[in-house]
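Read the structure below first, then the notes.
These figures come from a predicted structure and were not determined experimentally. For ligands, and for the atoms within them, numbers begin at 1 and follow the listed sequence.
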Amino acid sequence: MLAGAAASVALAPTLGHPLLSVIWGIAVGIGYSASLRPSGHAYVDNLMTGAALGIPMWGVISVIALPLLSGQTPQWSADQMRMHFPALVGWVLYGALLGLFTQGLTDISETVLGPEAEGLSPEPPEKKRIVILGGGFAGMRTAECLEDQLQDETAVSITLVSDTNALLFTPMLAEVAGSSLEPSHISTPLRSSLYRTEFIRGRANKIDLEGRRVILESDLASDGSKPPREIPYDQLVLALGSVSNYLGMVNIEKYAFNFKSLLDAIQIRNHVIEMFERADRESESALRSILLTFVIAGGGFAGVELAGALNDFAHGILADYPNLHREDLSVVLVHSRDRILPELSESLARYAQIRMESRGVTFRLNTRVTDANFSGVVLSDGEIRTRTLVWTAGTAPNPILKSLPVEKDKRGALVVQNTLDLPGHPGLWALGDCAAVVDAKTSKPCPPTAQFALREAEVVAKNICAELQGRPKRLFHFVSLGALCVVGHQTACAELTVPFMKSKSMRFSGLFAWLMWRGIYLSKLPGLERKIRVLMDWTIELFFPRDIVQTIDLQ
Ligand SMILES: Cc1cc2nc3c(=O)[nH]c(=O)nc-3n(C[C@H](O)[C@H](O)[C@H](O)COP(=O)(O)OP(=O)(O)OC[C@H]3O[C@@H](n4cnc5c(N)ncnc54)[C@H](O)[C@@H]3O)c2cc1C
C-alpha cells in the first residue's frame with residue numbers, strides 16, 4: 001500500500017487528478033505486493049517487472065477506461081495512441097517506482113521483523129517428501145509457491161523432476177520459430193529459479209502409486225549395471241503437460257513437425273531457411289513453389305501465431321534470396337472448423353483471418369489434414385504439394401499417465417477433485433495440461449492453458465500445506481483474464497474479461513492489442529535477465545533484418 005502511494009507521484013500528471021492517482025496507486029500497489037515473490041534485494045527485477053506492467057495499465061486506463069468514463073469511445077487508433085504517449089511514460093515510470101518501492105519495503109520489513117514465524121510443527125520425526133513431476137508452468141509454479149509457504153520449514157523436502165532443465169515460456173515460442181527471438185531467451189533455468197527445491201534433470205518412467213515412488217529412466221550414459229533411480233514420496237504432484245496427438249495418423253506423425261518444445265521451434269526455423277536455400281538454387285518454378293509452401297495444421301492459438309510468425313519471417317528474408325519471388329511463397333493454414341481461433345469471439349477471429357490474408361496467408365477452413373507423405377499433405381478435400389507440415393491440431397495428456405490405475409477423461413487427462421487431488425489417492429495431485437480440472441464455482445472444465453496451470457499450482461501448493469497441517473483444503477476457482485493472440489507483425493487480437501461485468505469482455509485488435517501482448521507477456525516472462533534479453537531482441541528486430549543463419553540441429 002505504502003509503495004503504491006509513494007509511486008503514485010509519477011501518475012499525478014498522467015491521470016491529472018492527485019486523489020485519483022493516489023487511490024489507483026494504492027490499489028495496484030496492494031495487488032502487486034500480494035503477487036510479489038519475496039526474494040532478497042531483487043530491485044532491478046522488480047523495477048523491470050513493474051515497468052513492463054505499466055504498458056497494459058496505460059492501455060486499460062488511459063486509452064480505454066478514462067475516455068469511456070468521459071463519454072468518448074476508446075482511443076486506440078494509431079493517431080490517438082500517439083497522443084497518449086506521455087501518459088505511457090507516466091505509467092511505465094509509476095510501474096518502475098512501484099516495483100522498486102515494494103522491494104525496498106519488503107527488505108526493510110524482513111530486516112526489522114526478522115523471518116516469519118514457522119508455520120508447521122517444530123520437530124516432526126521424519127521429513128515429508130514432496131515430489132513434483134514436470135518443470136513447466138504448473139510444476140515450476142507449484143515449487144515456487146511451496147517454497148514461499150514452507151520458507152523456514154525444515155521438516156519438508158521439495159523435489160522437482162523434469163526432463164528439461166528450463167521452464168519454456170510457450171507464448172513466445174512462435175517468435176523463436178519466426179526468428180524474432182533467440183531460443184534460450186524464452187527459457188528460464190529451473191535450478192537458478194528455485195532456491196530450496198532439489199532439482200533432478202531426469203525423465204519419469206514409471207509411477208508406482210502402491211509403493212509411493214517414482215522410477216526414473218536409466219541414465220543414457222550408464223552401461224546398464226546401475227538400477228534406475230527411485231524417488232520416494234509422501235506427496236506427489238503430477239504436472240507432466242501434454243504431447244502432440246496425431247489421432248492415430250502415423251504418416252502425419254512421421255512427416256510433420258511438432259510445435260511444443262524449444263527444439264521444435266528451432267527445427268522449424270532451420271527447416272524454413274533450408275527450404276529457402278534449396279529453392280534459391282532450383283531452376284524449375286513449380287519445384288520452387290513446392291519448397292516454399294508451408295502448411296500448418298490447426299487454427300487454434302498455436303497454429304495461428306505460428307502461421308503469422310512464419311509468414312512474416314518468410315516475407316522478411318525474401319530480400320536475401322534474389323532468385324526467389326513473393327509469388328513463389330505460400331503459407332497455408334488448414335483448420336477443421338469454419339473459423340479460426342475458437343477461443344476468441346467470432347468478430348476477432350474474422351479480423352485475425354482478414355489481416356493474415358491481407359499479408360499473404362491462405363486459409364483452408366472446414367478442411368482436415370488426413371495424410372502426409374514425402375511430396376505433400378493430403379486434405380479431406382484435396383492435396384497440397386509441400387515439404388513442410390507443422391502439426392498443432394491436437395494434443396493429448398502425457399502418455400506416461402496411461403498406465404496409472406486412476407480415473408481419466410476421454411482425452412486421457414487425470415480426473416481430479418475440486419481440491420486438485422485424485423479421489424481415493426491421498427497425497428496425489430494433478431494439474432495443468434495433464435489434468436481434467438473442473439471449476440468449483442461454475443462446474444465448467446478448465447482449459448489447458450498456462451494461465452490456468454499457474455493458478456492451479458497456487459491452489460495445489462496451498463492444499464499440500466493444508467494437508468500437512470491438518471487444515472481444510474481450498475476449492476479451485478478462477479475466472480480467465482482473457483486471451484491474447486499475435487497474428488503477425490505489430491498486429492494482435494485481445495479479449496479481456498471485465499471482472500465486474502459477468503460474461504462481458506473487452507476486445508482489442510491491431511497495434512494496440514499487439515503492444516498489450518508484448519507488455520503483458522514481457523512482465524510475465526520469469527527472470528530479469530530473460531526480460532532484458534527479449535527486449536533487446538525486439539529492439540534489434542526493429543532495425544535489422546531477420547537472422548537467416550542456420551543453427552545446429554540437435555537431432
Ligand atoms: C506454442 C504454444 C503457445 C502457447 N501459448 C499460450 C498462451 O499464450 N497463453 C496460455 O495461457 N497458454 C499457452 N499455451 C499453453 C501452455 O503452454 C500450456 O497450457 C502450459 O504449458 C501447461 O503447463 P503444464 O505445466 O501443465 O505443462 P508443460 O508446460 O508442457 O510442462 C510439462 C513439463 O513436464 C516435463 N515432462 C514431460 N514428461 C516428463 C517425464 N516423463 N518426466 C519428467 N518431466 C517430464 C516437460 O519437460 C515439461 O517441463 C501455449 C502452448 C503452446 C504449445
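Salt bridge status for K462 with E458: absent, with no side-chain N to carboxylate O gap under 4.0 Å. Using a 4.0 Å cut-off between charged side-chain N and carboxylate O, D208 and R213 make a salt bridge. For the pair R518 and E175, the salt-bridge criterion is met [side-chain N within less than 4.0 Å of a carboxylate O]. Between E144 and R141, at least one side-chain nitrogen of the basic residue sits less than 4.0 Å from a carboxylate oxygen of the acidic one, meeting the salt-bridge criterion.
For C434, no nitrogen or oxygen atom sits less than 3.5 Å from a nitrogen or oxygen atom of ligand 1, counting backbone and side chain alike. Some N or O of A204 is nearer than 3.5 Å to an N or O of ligand 1, by distance alone. Annotation: A450 places an N or O atom under 3.5 Å from an N or O atom of ligand 1; distance criterion only. At under 3.5 Å, not a single nitrogen or oxygen of E305, backbone or side chain, sits near a nitrogen or oxygen of ligand 1. At least one N or O atom of D163, backbone or side chain, sits closer than 3.5 Å to an N or O atom of ligand 1. In terms of N/O distances under 3.5 Å, ligand 1 is not approached by I400.
The distance from atom CG of L306 to atom CH2 of W391, rounded to the nearest 0.5 Å, is 14.0 Å.
With 3.5 Å as the limit, one finds no donor-acceptor pair spanning the side chains of D421 and H425.
Per-residue contacts place Q451 under 4.0 angstrom from the following atoms of ligand 1 (heavy atoms of the residue considered): 11 (O). Those atoms of ligand 1 that come under 4.0 Å of a heavy atom in A239, given as number and element, are 32 (C), 33 (C), 34 (O). Ligand-side atoms of ligand 1 in range of G432: 26 (O), range being under 4.0 angstrom from any heavy atom. Annotation for ligand 1: atoms under 4.0 Å from non-hydrogen atoms of P448 are 19 (O).
When atom types are taken as modelled, the side chain of E305 and the backbone of V486 share a donor-acceptor pair closer than 3.5 angstrom. T497 places a side-chain N or O within donor-acceptor distance of the main-chain N or O of S480, the cut-off being under 3.5 Å.
For atom 39 (C) of ligand 1, the closest non-hydrogen atom on the protein side is L240 CD2, 3.4 Å. Taking atom 21 (O) of ligand 1 as the reference point, the nearest protein heavy-atom neighbour is F137 CD1, 3.2 Å. Nearest to atom 27 (O) of ligand 1 among the protein's heavy atoms is G241 CA, 3.3 Å. Looking at atom 34 (O) of ligand 1, its nearest protein heavy atom turns out to be G134 CA, 3.3 Å. The protein non-hydrogen atom at the shortest distance from atom 52 (C) of ligand 1 is T170 CB, 3.8 Å. The protein non-hydrogen atom at the shortest distance from atom 31 (O) of ligand 1 is G136 CA, 3.2 Å. At the shortest separation from atom 26 (O) of ligand 1 among protein heavy atoms lies D433 N, 2.8 Å.
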- [ ] Starting from the C-alpha separation in whole Å, work towards a yes-or-no answer on side-chain contact (heavy atoms from CB on, under 4.5 Å) for L404 and L422.
- [x] CA-CA 11 Å; L404 289 186; L422 277 88; over 6 Å; no
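By the criterion of a heavy-atom distance under 4.0 Å, the side chain of N398, and not its backbone, is placed next to ligand 1. Heavy atoms of Y521 found under 4.0 angstrom from ligand 1 belong exclusively to the side chain.
In this structure, G202 has a heavy atom closer than 4.0 Å to ligand 1. Judged by the shortest distance from any of its heavy atoms, F259 lies inside the 4.0 Å radius around the atoms of ligand 1.
Nearest to atom 6 (C) of ligand 1 by heavy-atom distance, out of S261, A138, P171, is P171.
Residue pairs meeting the side chain to side chain donor-acceptor pair (under 3.5 Å) criterion with at least one partner in residues 395-409, sequence neighbours excluded, are absent.
With a 6.0 Å radius and a threshold of 12 heavy atoms from other residues, nucleotides or ligands, K531 has its NZ atom above the threshold.
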